[in-house]
Protein chains: 2
Amino acid sequence: MRKGSPHRAPTESDVAKLAGVSQSAVSRAFTPGASVAEATREKILKAAQELGYQPNLMARSLATRQSNIVALAISHLENPFYAQVVRELSDRLRETGRHILLFSTPPDEQVDPALEGVLSYQVDAIVLTATMASLELALQCQKAGVPIVQINRESKIPGISTVRGQNRRAGELVADFLVAGGHKRFGFIGGTEHSGTSRIRQDGFAEKLKSHGFETQIAYGDYTFEDAAVAARSLLGSASPPDALFCASDYMAFAALDVAKREFGLKVPDQLSVVGFDDVPEAAHAAYELTTFSQPAGALVAEAIKIIDLMTEEPGRRAQRREVRGELIVRGSARIPETGIKKAGLRRTWDN
Amino acid sequence: MRKGSPHRAPTESDVAKLAGVSQSAVSRAFTPGASVAEATREKILKAAQELGYQPNLMARSLATRQSNIVALAISHLENPFYAQVVRELSDRLRETGRHILLFSTPPDEQVDPALEGVLSYQVDAIVLTATMASLELALQCQKAGVPIVQINRESKIPGISTVRGQNRRAGELVADFLVAGGHKRFGFIGGTEHSGTSRIRQDGFAEKLKSHGFETQIAYGDYTFEDAAVAARSLLGSASPPDALFCASDYMAFAALDVAKREFGLKVPDQLSVVGFDDVPEAAHAAYELTTFSQPAGALVAEAIKIIDLMTEEPGRRAQRREVRGELIVRGSARIPETGIKKAGLRRTWDN
DNA sequence: CTGAAAGCGCTTACAG
DNA sequence: CTGAAAGCGCTTACAG
């Protein structure tokens, strides 16, 4: 036996009729701060309850010109760091009744065509991470007054705000740390050659090493596990393989550890030290014990939301740039220098 | 210098004026299959282009009563399996121009209050994974004709479709596999005591073991890394610790391996075999080499979408239940029986 | 405090 | 093929 065609959902008018008031009264009853007599409000709420009324948010946003949804453009969800970003962003947004509309973009550094239509959804803001926005999109957003912020990506495009970790400092500190640990040959596995944030880590690392009198061998892993493995393979298989490796993300560092262990049979950290970037939860697991420079996803997201709210309040403002503090978390994947270690309980950090 | 207040986005009327046609003509020009003269359509497209017009999807969905967005309620995003589900779902949906509205729910098995408002968004469908829907929500959906499907969860609630892996078969096969491997004491780490899908794996496992004459020690890890570690600790620290462990998810198996290695110094698989469920990409990494029963996220998602499309076409249909095939992938985390192994290149599976 | 009315930006019969 | 008009379900001045 077939069910009849689905009933259409109850509307304000339906509630109004049942409660014996006008449709606008119903609207007011659901608008915080609107003027309704307590008695009528009760009557209305009761009627609404009875009908199972739920406001139609599409209609509301058409009328108010704001949707309470923010677009999140993201790729590399397989990297736990980005999974964390999604989770944190979603959680914080829900505190203010907002939700994420997800644009999972292709994993390369290309601008995603699907993203170009994002403004059609009347989103209140756009956050990008592990992807890029086109100049055109940035312009449209500016015109439409929609704030757009990138997390963990640099952007030369004006009008785009950015939140990032301490990329330069990470590179420099890791260099000092590895030198202090007595290493002699250094490798770096970056994201892509032109990825801004990877590049800054690389420059900090290589320049600092140079000041110590060392060269840096460089390879790129495209932020994927497979390509990072390829990069590690080429570095470790070279004529003069590094005895210390700094990777632009923990996820790529995991790949490097895999290759070092499985294919080269190297003992970590005796024969090879590996340092990552991000401090994802997995870095602390026994499988990796990864020494890494932290980039707390929660703090990044919190900053991003602050920026969004700021720009929404004052649409005229220029793009913001924020940096979130990180530190070098010392675990077992890299040789530990004699000095500079700080302890707090089980947690060890290093500073120069 | 402050920018002026943001211009409002161009509408069909704006385009119409510029193109010298009526607003409804513009609408038709953007509606596939609507009747417009080729000449006028060109004129309109040109005008739209010039203004940077993008249709307002909120207005459209108000008029058409469909939004092209599907709600995804999910928790445990830190588990790579669920991250994969998000990615797959997003990718498939985009092929038909749909997007995900994300509801990241709290990690416990509670019904999420935020989810109760999901129908306000006029979503075309709801998919749930690693969370539950309330009976009330299911009822509302049925009334509103919104299909609702759960991935990798059982549900006693009528009207909710489900897509799952071969839970029972996994349990039984793993039992046979471990017995064939010569193990004598067996442990199971489940999600929660009442999680349907974990329970079915457990029952298949324990009942099969019983038929072989073995008992099963059971503990629960709540699908989190930390709690799974606690569960592993209690099992491995018991008076007669298991020499084989089956975990209801790879992610919990990783935790068990961590504890076994770091806290008990056990050699895997010589002193302890560990088998997981899901076959997430990490399972193949050198850090784990996890033997596991596969539950392909891509296939699950594909089925879920088929169901959604089916139910959308024929709203009267009753809830669907689908099962997606998996197999026992043999790697290094469990002792390998003499017989039953099948090879295909580097890939090894086991069957009875 | 309350209702009637206009408007948000679309789609879709309905005439012509 | 095209335009005028009603309607989708809300919000929000505006009178009263």
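The sequence lines fix the lettering, A, B, ..., with proteins before strands; numbering per chain opens at 1. Small disclaimer: the values here were computed from a predicted structure and weren't measured.
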K.L.:
In whole angstrom, what separates Lys43(A)'s NZ from dC1(C)'s P?
P.N.:
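The answer, rounded to whole Å, is 14 Å.
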
K.L.:
Would you check if the side chain of Glu116(B) reaches a backbone N or O of Glu136(B) as a donor-acceptor pair within less than 3.5 Å?
P.N.:
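A pair under 3.5 Å: no.
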
K.L.:
Between Ala37(B) and Thr11(A), which is nearer to the 5' end of DNA chain D once each is assigned its nearest nucleotide?
P.N.:
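So the residue in question is Ala37(B).
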
K.L.:
I want to verify a distance call: between dG9(C), dT11(D), dC10(D), whose nearest atom is closest to the Thr31(A) side chain?
P.N.:
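Nearest to the side-chain atoms of Thr31(A), counting from C-beta on, is dT11(D).
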
K.L.:
On the 0 to 90° scale, with breaks at 30° and 60°, tag the His99(B)-Phe103(A) ring pair as parallel, tilted or perpendicular.
P.N.:
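Answer is tilted, since the angle falls between 30° and 60°.
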
K.L.:
On DNA chain C, compare the nucleotides closest to Gln23(B) and Glu38(A); which residue's is nearer the 5' end?
P.N.:
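Between the two, 5'-proximity favours Glu38(A).
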
K.L.:
Does Arg65(B) make a side-chain donor-acceptor contact with the base of dG9(D), cut-off 3.5 Å?
P.N.:
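Checked by distance alone, the answer is no.
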
K.L.:
Measure from the side chain of Thr64(B), starting at C-beta and using heavy atoms only, and say which of dT2(C), dC10(C), dT12(C) lies closest.
P.N.:
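The listed nucleotide nearest to Thr64(B)'s side chain is dT12(C).
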
K.L.:
For Leu119(B) and dG9(D), what is the distance between atoms CG and P respectively, to the nearest whole Å?
P.N.:
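Going from CG in Leu119(B) over to P in dG9(D) covers 15 Å.
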
K.L.:
Within the 4.0 Å heavy-atom criterion, would you say Thr40(B) contacts the bases, only the backbone, or no part of the nucleic acid?
P.N.:
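The residue Thr40(B) makes sugar-phosphate contact but no base contact.
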
K.L.:
Answer yes or no: is there an ion pair linking Glu12(A) with Arg28(A), defined by an N-O contact shorter than 4.0 Å?
P.N.:
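No, this pair does not count.
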
K.L.:
Assuming nearest nucleotide by heavy-atom distance, tell me which of Ser24(B) and Leu62(B) is located more 5' along DNA chain D.
P.N.:
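Upstream on the strand: Ser24(B).
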
K.L.:
Let me spell it out: for each of Arg28(B) and Leu57(B), pick the nucleotide of DNA chain C with the closest heavy atom. Which residue's pick is nearer the 5' end?
P.N.:
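Residue closer to the 5' terminus by nearest nucleotide: Leu57(B).
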
K.L.:
Find the distance Met58(A):CE to dT11(D):P and express it as a whole number of Å.
P.N.:
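From Met58(A) CE to dT11(D) P: 14 Å.
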
K.L.:
Would you call Glu95(B)-Arg92(B) a salt bridge at under 4.0 Å N-O?
P.N.:
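Salt bridge between Glu95(B) and Arg92(B), a charged N being under 4.0 Å from a carboxylate O: no.
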
K.L.:
Could you state the atom-to-atom distance from CG of Asn56(A) to P of dG9(C) in whole Å?
P.N.:
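Checked: the CG to P distance equals 16 Å.
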
K.L.:
Students often get this wrong, so: under 4.0 angstrom with heavy atoms, is Phe30(A) touching a base, only sugar-phosphate, or nothing?
P.N.:
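Contact class for Phe30(A): none.
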
K.L.:
Find the partner of dA4(C): check Watson-Crick (N1-N3 plus N6-O4 or O6-N4) and G-U wobble (N1-O2, O6-N3) distances, both under 3.5 Å, and reply none if neither fits.
P.N.:
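Pairing partner: none.
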
K.L.:
Counting N and O atoms only, with roles assigned by atom type, does the side chain of Arg41(B) sit under 3.5 Å from a partner on the main chain of Ala29(B), one being a donor and the other an acceptor?
P.N.:
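Answer holds: yes.
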
K.L.:
Looking at Tyr53(A), I'd like to know whether one of its side-chain N or O atoms comes within less than 4.0 Å of OP1 or OP2 on dC10(D).
P.N.:
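For dC10(D), OP1/OP2 do have a side-chain N/O of Tyr53(A) under 4.0 Å.
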
K.L.:
Give a yes/no answer on whether the side chain of Ser35(A) brings an N or O atom under 4.0 Å of OP1 or OP2 in dC1(C).
P.N.:
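Yes, such a contact exists.
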
K.L.:
Does the structure show a Watson-Crick or G-U wobble partner for dA13(C), both distances under 3.5 Å? Name it, or say none.
P.N.:
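Partner of dA13(C): none found under 3.5 Å.
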
K.L.:
Near Gln49(B) CD, under 6.0 Å, is it more than 12 heavy atoms from other residues, nucleotides or ligands?
P.N.:
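No, because the 6.0 Å sphere around CD of Gln49(B) holds 12 heavy atoms or fewer from other groups.
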
K.L.:
Whole angstrom is fine here: how far is it from CZ in Arg41(A) over to C1' in dT2(C)?
P.N.:
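The distance from CZ of Arg41(A) to C1' of dT2(C) comes to 14 Å, rounded to the nearest Å.
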
K.L.:
Would you kindly give the NZ-to-P distance between Lys17(A) and dA4(C), to the nearest whole Å?
P.N.:
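Going from Lys17(A) (NZ) to dA4(C) (P), I get 14 Å.
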
K.L.:
Without decimals, in angstroms, what is the distance between Gln54(B) CD and dC10(C) P?
P.N.:
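Rounded to whole Å, this separation is 11 Å.
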
K.L.:
Calculate the interatomic distance between Glu12(A) atom CD and dG7(D) atom C1'; express it in whole Å.
P.N.:
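Those two atoms, CD and C1', are 16 Å apart.
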
